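Everything on this sheet refers to the single structure shown next.
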Amino acid sequence: MDAPLSTIGRAPAAADEIRHLKPRVDPSTLLHRQLLDGHFWTKIPAYREVDEATFLDHAWQAKNSITNPTKLLAAVQDLVPQSFYDDVVAGFARAPMSIRVSPYLLSLIDWADPYNDPLRRQFVPVASRLLPDHPKLTLDSLHEQADAPVPGLTHRYPDKALFLTLDTCPVYCRFCTRSYAVGVDTGEVEKVSLKATEDRWLRAFQYIRERPEIEDIVVSGGDSYQLKARQISLIGNTLLEMPNVRRIRFATKGPAVMPMKLITDVEWVDALTSVVERGRKLHKEVVLHTHFNHPNEITAITKRALDGIFERGIIVRNQSVLQRGVNDTIETMQLLVKRLGHCQVHPYYVYVHDLVKGVEDLRTTLQTALDIEKAVRGTTAGFHTPTFVVDAPGGGGKRVAHSFEHYDRDSGISVFSAPSVKPGFFLYFDPVDTLAPEIQERWQSGEQQQKMIDDAVSAAQRALVDSSRASSVR
Ligand SMILES: *Cc1c(COP(=O)(O)O)cnc(C)c1O
Ligand code: SF4
């Protein structure tokens with residue numbers, strides 16, 4: 001007979017002692033639940049006197065963001081030696097991306113060891129650690145512009161489109177894939193203009209309306225955090241009113257770099273919430289996609305911000321970029337995934353780092369992604385387990401990392417195909433400095449490069465022929 005309800009919750013009798021087949025886990029090792037809390041920012045000389053209300057004010061964060069080395073020095077002062085500061089000055093001068101770091105991020109960097117800090121590596125360039133770009137790198141390696149029928153609207157996949165609404169972000173990341181457009185011109189790169197002109201938006205809306213097969217819109221940028229509340233409503237409602245549009249994602253790095261906006265910019269959160277709620281009534285999904293890369297980016301402030309979003313019934317998914325010296329170990333990625341899950345954020349993708357100018361020091365090999373993916377799968381819920389993808393240079397779109405047709409680990413060339421996206425082969429290249437010295441030498445010669453590429457493509461062709469002979473799929 002079933003136990004009466006009233007006995008449930010009572011300690012069982014000694015005879016029914018629970019058998020623990022798995023070894024017990026020491027709760028102090030459950031690091032994903034231990035979030036940085038308190039007034040951590042007061043370690044930074046410039047923020048010593050900043051109170052909590054000020055630090056949580058998103059407008060204060062935006063106004064006090066660091067955009068040049070002078071402002072950085074004014075904030076961190078004697079926490080860094082002069083030699084590091086000189087390295088930063090030289091790094092800024094060579095950076096293809098604009099620089100913008102929020103006081104929140106700045107406070108999370110370990111300035112006692114800035115060279116190895118995973119957040120410093122993502123946001124603050126230092127000249128001494130830069131590596132030469134891969135010889136096969138081009139700006140806009142993803143062909144976002146080539147696949148854009150309207151400036152800032154990329155229609156690559158059959159049923160979805162990427163809408164770049166504007167070209168600014170709450171922070172600027174060194175590794176930005178859209179360094180061809182995002183941020184202001186730098187000494188190294190003159191940007192394509194994607195200003196938030198509503199005239200451009202009208203053309204994008206018209207295109208989406210004229211293509212009944214498009215059902216899924218990624219609203220990105222730049223960054224949706226930069227859209228004003230009324231622009232969130234305008235874009236959200238215009239898209240919801242199109243019968244073909246079934247899904248909208250607002251993409252923003254904001255929760256990872258300035259979570260306080262979700263606490264103090266009530267107007268913005270209300271605007272998003274009403275689009276989500278209207279969508280729900282229309283049986284359309286409206287969600288937030290964000291971009292955390294390292295567990296240190298998730299603090300007690302983040303949890304509070306995301307708890308508020310969860311209470312409003314807004315689904316949040318995360319896309320990370322795999323980066324050398326940031327999150328390219330099994331332990332770090334497992335902790336990130338568990339910490340995101342703790343905040344009810346679904347880890348969706350981990351991108352193998354795109355071929356981007358000026359950040360070769362941040363790229364990993366494809367093999368690194370394969371190894372980490374294998375170790376992450378099995379540690380938590382399947383729906384909290386990210387898929388590791390390569391956004392295939394040349395417009396092949398996202399391919400699952402282990403779905404290559406061929407991977408030559410010696411030359412570092414992997415070959416992908418994307419039968420439902422675009423014909424042909426798409427190549428990804430491991431960073432040259434990770435390869436054997438004799439292969440590094442081959443990459444110095446244009447002729448040898450072509451030979452290695454031709455060999456890899458021929459091998460992929462053979463592999464495809466072999467597998468299609470064996471396959472029953474037609
Ligand atoms: C990533 C991306 C999308 C969305 O792809 P999902 O795999 O559905 O997340 C849509 N369009 C473009 C151009 C993209 O790069
Ligand atoms: S927030 Fe996104 S779009 Fe903006 S700089 Fe960073 S990676 Fe690029």
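Note that the structure is predicted; figures quoted are calculated from it, not measured. In listed order, ligands and their atoms are each counted from 1. These values consider heavy atoms only, across backbone and side chains, with no hydrogens, waters or symmetry-generated copies.
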Nearest neighbour in protein (non-hydrogen) for atom 3 (C) of ligand 1: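 Scanning the protein heavy atoms, the shortest distance from atom 3 (C) of ligand 1 goes to K398 NZ, 3.4 Å.
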Nearest-contact summary for atom 8 (Fe) of ligand 2 - protein heavy atom, Å: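 Here the nearest protein heavy atom works out to C176 SG, 2.3 Å.
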Using only heavy-atom distances, determine whether the side chains of [X] and [Y] contain a donor-acceptor pair under 3.5 Å.
| X | Y | answer |
| --- | --- | --- |
| D328 | T368 | no |
| E144 | T154 | no |
| Q367 | D371 | yes |

Element-labelled atoms of ligand 1 that are located less than 4.0 Å from some non-hydrogen atom of [X]:
| X | result |
| --- | --- |
| L162 | 11 (N), 12 (C), 13 (C) |
| T154 | 13 (C) |
| Y348 | 6 (P), 7 (O), 8 (O), 9 (O) |

Atom 2 (Fe) of ligand 2 protein-contacted (non-hydrogen atom, under 4.0 angstrom):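 It does not: no protein heavy atom is found less than 4.0 Å away from atom 2 (Fe) of ligand 2.
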Check ligand 2 against [X] and write out every atom of the ligand that is under 4.0 Å from a heavy-atom position of the residue.
| X | answer |
| --- | --- |
| C169 | 1 (S), 3 (S), 4 (Fe), 5 (S) |
| G222 | 3 (S) |
| Y172 | 5 (S) |

Proximal candidate to atom 7 (O) of ligand 1 [heavy atom criterion; set Y349, Y157, F163]: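 Result: the heavy atom closest to atom 7 (O) of ligand 1 is in Y349.
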Closest candidate by heavy atom, reference atom 5 (S) of ligand 2, pool S98, C173, A251, G254: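 Checking each option, the heavy atom nearest atom 5 (S) of ligand 2 is found in C173.
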For the student: nearest non-hydrogen atoms of L288 and W268, plus distance: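 For L288 versus W268, the nearest heavy atoms are CD1-CH2, 4.5 Å.
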Parallel, tilted or perpendicular: rings of W41 and H39 (30°, 60°):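 Correct class here is parallel.
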Parallel, tilted or perpendicular: ring planes of W60 versus F55, cut at 30 and 60 degrees: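 Rings of W60 and F55: tilted, as their planes differ by 30° to 60°.
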Ligand 2 contact on M97 by region, counting heavy-atom pairs under 4.0 Å: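 The side chain, only.
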Contact (N/O only, under 3.5 Å) between Q319 and ligand 1: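 No: no nitrogen or oxygen of Q319 is under 3.5 Å from one in ligand 1.
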Nitrogen or oxygen of Y351 less than 3.5 angstrom from that of ligand 1: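 Min N/O separation from ligand 1 is not below 3.5 Å for Y351.
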Close aromatic pair by centroid cut-off 6.0 Å: F175 and H291: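 Yes: the rings meet the under 6.0 Å criterion.
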Centroid separation F425 to H406 less than 6.0 Å: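 Here the rings of H406 and F425 have centres that are no less than 6.0 Å from each other.
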Min side-chain heavy-atom separation Q122-Q323 under 4.5 Å: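 A side-chain contact exists here, since the closest heavy-atom pair is under 4.5 Å.
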Main-chain N/O of T67 paired to R100 side chain as donor or acceptor, under 3.5 Å: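 It does not hold such a pair.
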Region of R247 engaging ligand 1 - heavy atom pairs below 4.0 Å: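 Neither; no heavy atom under 4.0 Å.
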Within-shell test, H155 vs ligand 1, heavy atom, strictly < 4.0 Å: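 Per 4.0 Å heavy-atom rule, H155 does not contact ligand 1.
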